[in-house]
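In what follows, every heavy atom counts, from backbone to side chain, and hydrogens, waters and symmetry copies are set aside.
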Amino acid sequence: MRAPAHPAARLTAAARLTAAARPAPVDVVLPCLDEAGALPWVLGRIPRGWRAIVVDNGSTDGSAELARDLGATVVHEPRRGFGAACHAGLLAAEADIVCFCDCDASLDPALLVPFAGAVDAGESDLVLGRRRPEGRGAWPPHARAGNLALTRMLRRRTGLRLGDLGPLRAARRTALLDLGLTDRRSGYPLQMVVRAADAGWRIEEREVPYRPRTGRSKVTGTWRGTWQAVRDMRDVLNQPPLPPRTQRTTTR
């Protein structure tokens, strides 16, 4: 499927200098592996004034060059892995609030505005997007089954009643760094939630539309990829918990 058309214009040198002079209030980390078809739409949906950090994880389709031309900050992470790319973006971030979003046009980064707002207002420590599939093939049955199994294991491990472990999320940068995240594969998003729960974070879910992605998934596009992701995440759930504290989860 092709990404929705978007008239993304290249930033002029003057515009780049102006943007650099004003620190962004929010950084959006976008792990990227061969997403040239989706990048114009995704970067065109980044909220005004926020900074997009595209973490190139070994693309061969010109994604890094395209992202840079479209005004994004590009970070190169040679170590393959979703977690490796996400954490490289977190380390490159400078804003107080950091958001994460897939770079395949399945999720709209503009939806992160209320997520960041809830964190900034002190209403939540971690806001997660609960995906609501829209369109045929948006969320294949095997990927949905894997997600369901993991949320059940997460509930047994932490007591959290979450409906999804999706990639759309927001939290404070320093707090995320303090979690000491170590997974560099598919278990990274789950480890973030588990350690946040162990640390007593207020974790909130908000429903978001989930559309068919542009291109083929590198992780959950097949049963094999999904099973590997589940194995990675199961290993995370088997890690010793951090000292327990009060946990609260809300759903909107």
Side-chain angles (χ1 to χ4, degrees), residues 1 3-4 6 25-32 35 38-54 82 85-86 89-90 95 97-121 123-141 143-148 150-151 154-155 160-172 176 186 188-190 192-193 196-197 201-215 217-221 226 229 233 248-252:
M1 175 183 173
H6 185 87
V26 177
D27 283 334
V28 184
V29 175
L30 299 156
C32 176
E35 303 290 5
L39 275 169
W41 184 83
V42 172
L43 294 178
R45 297 292 296 167
I46 298 294
R48 183 181 298 274
W50 291 17
R51 182 172 67 142
I53 302 177
V54 173
F82 182 77
C86 286
L90 175 60
I97 296 174
V98 176
C99 297
F100 296 84
C101 181
D102 274 354
C103 205
D104 57 12
S106 62
L107 292 163
D108 186 347
L111 297 170
L112 287 165
V113 172
F115 286 41
V119 174
D120 186 51
E123 299 170 1
S124 300
D125 300 311
L126 176 62
V127 184
L128 306 170
R130 181 170 181 167
R131 291 169 289 183
R132 182 185 69 247
E134 293 185 352
R136 185 175 181 180
W139 203 352
R144 197 178 306 194
N147 184 77
L148 178 60
L150 288 167
T151 55
L154 176 69
R155 180 178 174 184
L160 293 176
R161 295 175 177 270
L162 297 178
D164 191 13
L165 292 169
L168 201 68
R169 52 189 61 192
R172 292 195 183 276
L176 286 170
S186 303
Y188 188 87
L190 176 61
M192 183 186 296
V193 175
W201 286 25
R202 296 162 298 171
I203 301 172
E204 174 189 350
E205 276 192 321
R206 296 192 179 204
E207 195 170 83
V208 295
Y210 187 52
R211 303 177 179 88
R213 60 160 288 137
T214 297
S217 172
K218 287 80 174 177
V219 178
T220 57
T226 299
M233 296 185 186
R248 289 188 291 169
T249 303
T250 59
T251 303
R252 294 190 179 186

Point-to-point distance, once rounded to the nearest 0.5 Å, from [atom1] of [X] to [atom2] of [Y]:
{"X": "Glu134", "Y": "Ser106", "atom1": "CD", "atom2": "OG", "result": "11.5 Å"}
{"X": "Leu162", "Y": "Leu150", "atom1": "CG", "atom2": "CG", "result": "11.5 Å"}
{"X": "Cys86", "Y": "Asp102", "atom1": "SG", "atom2": "CG", "result": "8.0 Å"}
{"X": "Arg206", "Y": "Leu128", "atom1": "CZ", "atom2": "CG", "result": "11.0 Å"}
{"X": "Asp104", "Y": "Trp41", "atom1": "CG", "atom2": "CH2", "result": "9.5 Å"}

Checklist entry - side chain to side chain contact (heavy atoms under 4.5 Å, CB included) with Ala85: which residues, sequence neighbours excluded? => result Pro31, Val55, Asn57
Next on the checklist: Suppose we screen for side chain to side chain contact (heavy atoms under 4.5 Å, CB included). Which residues come up paired with Asp125, at least two apart in sequence or across chains?
Outcome noted: Trp201, Arg202
Checklist entry - Under 3.5 Å, is there a donor-acceptor pair between the side chain of Glu207 and the main chain of Arg132? => result no
Checklist entry - Checking side chain to side chain contact (heavy atoms under 4.5 Å, CB included) for the pair Val54/Leu43: CA distance, chi angles, key distance, verdict? => result CA-CA 9 Å; Val54 173; Leu43 294 178; 4.1 Å; yes
In a table with atom names and distances, give each donor-acceptor pair under 3.5 Å that connects a side chain of residues 108-120 to protein atoms at least two apart or in another chain.
from, atom 1, to, atom 2, distance (Å)
Asp108, OD1, Arg45, NE, 3.0
Asp108, OD1, Ala110, N, 2.9
Asp108, OD2, Arg45, NE, 3.1
Asp108, OD2, Arg45, NH2, 2.6

Next on the checklist: Can you confirm whether Pro167 sits close enough to Leu107 that some side-chain heavy atom of one is under 4.5 Å from a side-chain heavy atom of the other?
Outcome noted: yes
Item to check | Any side-chain heavy-atom pair of Asp164 and Tyr210 under 4.5 Å | outcome: no
Identify the two heavy atoms, one from [X] and one from [Y], that lie closest to each other, and give their separation to 0.1 Å.
{"X": "Ala52", "Y": "Ile46", "value": "CB-CG1, 4.0 Å"}
{"X": "Arg161", "Y": "Glu205", "value": "O-OE1, 4.4 Å"}
{"X": "Ala171", "Y": "Leu126", "value": "CB-CD1, 4.0 Å"}

Next on the checklist: Is there a side chain to side chain contact (heavy atoms under 4.5 Å, CB included) between Asn147 and Arg131? Walk through the geometry before answering.
Outcome noted: CA-CA 11 Å; Asn147 184 77; Arg131 291 169 289 183; 3.6 Å; yes
Item to check | Test applied, side chain to side chain contact (heavy atoms under 4.5 Å, CB included); reference residue, Thr151; option that passes from Leu190, Val193, Leu165 | outcome: Leu165
Checklist entry - Given the rule in the side chain to side chain contact (heavy atoms under 4.5 Å, CB included) test, do Leu39 and Leu30 qualify, once you have shown the distances and angles that lead to the verdict? => result CA-CA 10 Å; Leu39 275 169; Leu30 299 156; 5.8 Å; no
